[in-house]
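Read the numbers this way: they start at 1 and go in the same order the structure lists the ligands and their atoms.
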Amino acid sequence: MSYSQKVLDHFKNPRNQGSLENADAVGEEGNPVCGDVMKMYLDIDKRKNNKGEDEEYIKDIKFETLGCAAAIAVSSALTEMAKGLSLTEALALKKDDIVDDLGGLPAPKVHCSMLGVDALHSAIKKYQLRIKN
Ligand code: FES
């Protein structure tokens, strides 16, 4: 099993690792098979989009994980991709977007890419539900 240089770089030097005090949203996902756990913290702010409409976007994002090397690398890459995206754009991110960005993952490790994306989407959905209530 071999990892791309980009995966190794993100694993050895994870970006945006840690937590956010007073995060606007927190999403947590676990993989029942391997037992790994992922937490995503979001700071959400408002801005005008290019149509002049208000939109909410991810101003800052951090992750914490008790996970494998692939889960750490995927989450690090995901936080770089997600920072600055509108919530709609972030909800449209798929695991394949991150796997492609990383130059692929060994087949037995592709499931690890789900944890980060699922935790991100869970955080956004929880945030949106809270706003509506
Ligand atoms: Fe559990 Fe990778 S082995 S997330």
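Side-chain atoms of Lys39 do not come within 3.5 Å of backbone N or O of Thr65 as any donor-acceptor pair. Under a 3.5 Å cut-off, the side chain of Asp24 and the backbone N or O of Ile44 do form a donor-acceptor pair. Side-chain atoms of His10 never come within 3.5 Å of backbone atoms of Leu78 as a donor-acceptor pair (strictly under, hydrogens ignored).
Here Leu20 is tied into one hydrophobic group with Val26, Tyr41, each link being a pair of ILVMFWY side chains closer than 4.5 Å.
Excluding waters, the protein N/O/S atoms found under 2.8 Å from atom 2 (Fe) of ligand 1 are Cys68 SG, Cys112 SG.
Within 6.0 Å of atom CD in Glu21, 12 or fewer heavy atoms from other residues, nucleotides or ligands are found, so the atom counts as exposed in its surroundings.
Glu89 and Tyr57 are not linked by any side-chain donor-acceptor pair at a separation below 3.5 angstrom, with hydrogens and angles left out of the test.
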